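Accompanying notes for the structure given below.
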Amino acid sequence: MGLIATEIIAKKRDGLALSQEEIDWFVCELGAGNIPDYQASALLMAIFIRGMTPEETLYLTDAMVASGRTLKWPEGIYMDKHSTGGVGDKISLILAPLVASCGVRVPMLSGRSLGHTGGTLDKLESIPGYNAKLPLEDFRRIVLSVGCSIMGQTDEIAPADRKLYALRDATGTVESIPLITASIASKKLSEGISGLVLDVKCGRGAFMKTENEAVALATSIRDVLKAKGKAFRALITAMDEPLGRAVGNALEVKEAVEVLSGKGPPDVRELSVELSAQMLEVAGIAGLDEARGLLNHKLDDGSALERFRQMVEAHGGDFCAIGRDEFAHTAIEYDLRASSSGFMASVDAYEVGVGATILGAGRQRVEDAIDHKVGVIVHKKVGDSVAAGDALFTLKLNDPRSLEPALERLERATHISPHGRSGARLILGVI
């Protein structure tokens with residue numbers, strides 16, 4: 001019996017489960033250009049409202065993997081890490097070379113910023129010469145020679161995901177756990193990895209606002225990866241305040257290099273080490289305590305930084321440029337200062353992220369251009385003491401018209417209390 005797109009849409013609209021045959025057919029026909037965007041959008045909205053069973057989610061993931069190419073590797077351990085996105089999240093820049101320095105290869109296909117959250121590729125492309133659009137053969141060569149490579153998704157990897165993601169973004173159906181699961185899992189499975197470590201962020205600056213939502217997403221992705229025989233671990237992490245102190249592409253690269261040099265903000269180092277330790281454990285390299293010790297040693301002795309340099313140069317980037325003054329230099333710097341004394345009670349990651357986006361560090365639409373050098377430096381974290389006149393944020397910008405609207409956002413971002421409190425937990429749970 002021939003399948004008809006309208007009948008599949010209506011079936012999901014009515015809350016019924018789609019068969020593997022129906023999902024395979026729809027994804028295949030979409031890829032072939034035989035299903036118009038309005039019908040694909042209708043199915044996405046039906047899925048958004050009605051949801052999918054775990055079996056449907058697995059079928060959709062498989063269909064998206066089958067729409068493109070799956071990488072094949074020589075014998076060995078190949079692990080990847082994915083974050084659901086946050087403000088100041090530069091962990092991938094640290095984790096990939098750090099884990100590679102411990103003998104695990106890390107092939108990582110990453111994305112760009114959209115909305116208030118940053119993108120790993122935009123950060124790397126702030127390094128002069130860094131090419132994030134390599135052919136898959138070059139990506140494979142760098143992973144095998146250096147131990148890690150970070151670049152963008154190509155047309156060969158899960159092309160159905162690229163089409164569906166663009167439609168999800170345009171139709172308000174991004175925040176669907178089955179659709180997020182299939183999108184993430186299809187790309188990671190196409191990489192040919194042995195396993196995945198997932199960082200699911202929750203809070204004001206994250207797409208998942210509550211811990212329960214984050215756990216639901218982590219569980220959904222775990223079920224798909226486990227069904228495909230892949231190792232898996234997820235951390236649920238807080239994203240109510242920015243991660244680290246740098247928000248903006250070149251600024252975050254500099255902060256990542258600080259951590260890779262054995263310094264940097266404690267929260268960035270803590271999360272980098274913990275995600276990396278979980279990766280080494282699920283890969284069978286070491287237990288958690290031994291892994292943490294090894295990873296801290298690799299940060300302190302320069303091994304991880306050297307691996308990062310090798311990766312950057314293999315991608316055509318000028319590693320030495322990161323240490324030059326002009327790397328993150330902007331025409332204007334403005335300090336937003338505290339009007340009262342006390343203790344920092346909150347730093348709203350969402351407002352900081354929007355403020356940085358207004359300055360030009362992010363994009364509201366996929367086609368928007370960004371300014372790699374602009375951004376926000378966060379001087380006070382939750383729990384820090386504040387005196388009137390202290391700098392809370394430094395805004396770095398090149399377009400003076402962006403200053404006032406960005407300041408409006410950043411002025412909303414902080415709450416100073418007369419009473420001290422400790423900083424919030426960074427790692428909320430493990431799946």
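Residue indices begin at 1 and follow the sequence shown. FYI, side chains are in, hydrogens and waters are out, and symmetry mates aren't considered; it's all heavy atoms of this structure. From a predicted model like this one, the values you see are computed outputs, not experimental measurements.
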Check: Taking all atoms of both residues into account, what is the closest heavy-atom pair of Ala361 and Gly248, and its distance?
Finding: CB-CA, 4.1 Å
Note to self: Please check: side-chain N/O of Arg307 versus main-chain N/O of Ala100, any donor-acceptor pairing under 3.5 Å?
What the structure shows: yes
Check: Is there a donor-acceptor contact under 3.5 Å from the side chain of Lys90 to the main chain of Ala246?
Finding: yes
Margin query: Given 3.5 Å as the limit, does a donor-acceptor pair link the side chain of Arg162 with the main chain of Gln153, or not?
Written below: yes
Next item on the list: Please lay out, stage by stage, how Tyr334 and Leu407 fare under the test side chain to side chain contact (heavy atoms under 4.5 Å, CB included).
Entry: CA-CA 9 Å; Tyr334 182 91; Leu407 276 174; 3.7 Å; yes
Checklist line | Test: Asp318 and Arg324 ion pair at under 4.0 Å | finding: yes
Margin query: Would you say that Pro107 contacts Leu71 through its side chain, given a criterion of any heavy-atom pair below 4.5 Å between the two side chains?
Written below: no
Item checked: Inter-residue atom distance Thr61.OG1 - Leu179.CG, 0.5 Å rounding -> 10.0 Å
Notebook entry, point to check: Under 3.5 Å, is there a donor-acceptor pair between the side chain of Asp240 and the main chain of Ala349?
Noted result: no
Note to self: Any salt bridge linking Asp300 with Arg269? Criterion: basic side-chain nitrogen under 4.0 Å from a carboxylate oxygen.
What the structure shows: yes
Check: With a 4.0 Å cut-off, would you call Lys228 and Asp62 a salt bridge?
Finding: yes
Check: When rounded to the nearest 0.5 angstrom, what distance separates CG in Asp199 from CG in Leu275?
Finding: 5.0 Å
Checklist line | Side-chain ion pair, Glu274 and Arg292, N-O less than 4.0 Å | finding: yes
Notebook entry, point to check: Do the non-hydrogen side-chain atoms of Ile377 and Lys396 ever get within less than 4.5 Å of each other?
Noted result: yes
Check: Judged by atom type as modelled, is there a donor-acceptor pair below 3.5 Å linking the side chain of Arg140 to the main-chain atoms of Lys72?
Finding: yes
Notebook entry, point to check: Can you find a heavy atom in the side chain of Leu136 that is under 4.5 Å from one in the side chain of Ile157?
Noted result: yes
Check: Do Thr210 and Asn212 meet the criterion of a side-chain donor-acceptor pair at a distance under 3.5 Å?
Finding: no
Next item on the list: Kindly say whether Gly244 contributes a backbone atom to a donor-acceptor pair with the side chain of Lys381 at under 3.5 angstrom?
Entry: yes
Next item on the list: May I ask you to decide if the ring planes of His315 and Tyr130 are parallel, tilted or perpendicular, using 30° and 60° as cut-offs?
Entry: parallel
Margin query: Side chains of Thr394 and His379, heavy atoms from C-beta outward: is any pair under 4.5 Å?
Written below: yes
Check: Which heavy atom in Ser92 sits nearest to a heavy atom in Pro97, and how many Å separate them?
Finding: O-CD, 4.2 Å
Item checked: Side-chain donor or acceptor of Asp335 paired with backbone N/O of Arg337 under 3.5 Å -> no
Next item on the list: Using the test side chain to side chain contact (heavy atoms under 4.5 Å, CB included), find all partners of Pro135 that sit at least two apart in sequence or belong to another chain.
Entry: Glu137, Asp138
Next item on the list: Can you sort out the partners of His415 under side chain to side chain contact (heavy atoms under 4.5 Å, CB included), two or more places apart, ordered by chain and number?
Entry: Ala345, Ser346, Ser417
Check: Would Met79 and Ile193 satisfy side chain to side chain contact (heavy atoms under 4.5 Å, CB included), going step by step from the backbone distance to the final call?
Finding: CA-CA 6 Å; Met79 301 292 294; Ile193 55 172; over 6 Å; no
Margin query: Taking Ala331's backbone N and O only, do any of them form a donor-acceptor pair with Asn398's side chain (distance below 3.5 Å, no angle check)?
Written below: yes
Check: What's the spacing between Leu235 CG and Gln278 CD if we round to 0.5 Å?
Finding: 5.0 Å
Note to self: Looking at every heavy atom in both Leu167 and Ser41, which two are closest together, and how far apart are they?
What the structure shows: CD2-OG, 3.8 Å
Item checked: Spacing of CG belonging to Leu271 relative to NZ belonging to Lys201, to within rounding of 0.5 Å -> 5.0 Å
Next item on the list: Would you please test Arg69 and Thr154 for side chain to side chain contact (heavy atoms under 4.5 Å, CB included) and show each step?
Entry: CA-CA 10 Å; Arg69 176 180 168 188; Thr154 73; over 6 Å; no
Notebook entry, point to check: Less than 4.5 Å apart, any side-chain heavy atom of Ile91 and any of Ser272?
Noted result: yes
Next item on the list: Using a 4.5 Å cut-off on heavy atoms from C-beta on, say whether the side chain of Tyr59 contacts that of Val27.
Entry: no
Checklist line | Residues Glu313, Arg309: salt bridge by 4.0 Å N-O rule | finding: yes
Notebook entry, point to check: Is the closest side-chain heavy-atom distance between Lys380 and Val347 below 4.5 Å?
Noted result: no
Next item on the list: On the 0 to 90° scale, with breaks at 30° and 60°, tag the Tyr78-Trp73 ring pair as parallel, tilted or perpendicular.
Entry: parallel
Note to self: Evaluate His372 against Ile370 for side chain to side chain contact (heavy atoms under 4.5 Å, CB included), listing each step before the verdict.
What the structure shows: CA-CA 6 Å; His372 289 101; Ile370 63 171; 3.9 Å; yes
Notebook entry, point to check: Does Arg168 reach the main-chain N or O of Val174 with its side chain, forming a donor-acceptor pair under 3.5 Å?
Noted result: yes
Check: With distance as the sole criterion, is a donor-acceptor pair present between the side chains of Asp301 and His297 under 3.5 Å?
Finding: yes
Note to self: Give me the atom names and distance for the closest heavy-atom approach of Asp384 to Arg245.
What the structure shows: OD2-NH2, 3.9 Å
Note to self: Is any side-chain heavy atom of Val352 closer than 4.5 Å to one of Phe393?
What the structure shows: yes
Notebook entry, point to check: If you round to the nearest 0.5 Å, how far is CG of Asp223 from CZ of Phe232?
Noted result: 9.0 Å
Note to self: Between Thr181 and Ser220, do the side chains contain a donor N or O and an acceptor N or O under 3.5 Å apart?
What the structure shows: yes
Note to self: So which atom in Phe327 and which in Pro128 form the shortest heavy-atom distance, rounded to 0.1 Å?
What the structure shows: CE1-CD, 4.1 Å
Note to self: A quick test of your reading: do over 12 heavy atoms of other residues, nucleotides or ligands sit less than 6.0 Å from CZ of Phe319?
What the structure shows: yes
Check: For the residue pair Thr57 and Val224, what are the closest heavy atoms and their distance?
Finding: CG2-CG2, 4.1 Å
Check: Does Lys187 use its side chain to pair, donor to acceptor, with the backbone of Ser183 at less than 3.5 Å?
Finding: yes
Next item on the list: Please round to the nearest 0.5 Å and tell me the distance separating atom SG of Cys102 and atom CD1 of Ile77.
Entry: 11.5 Å
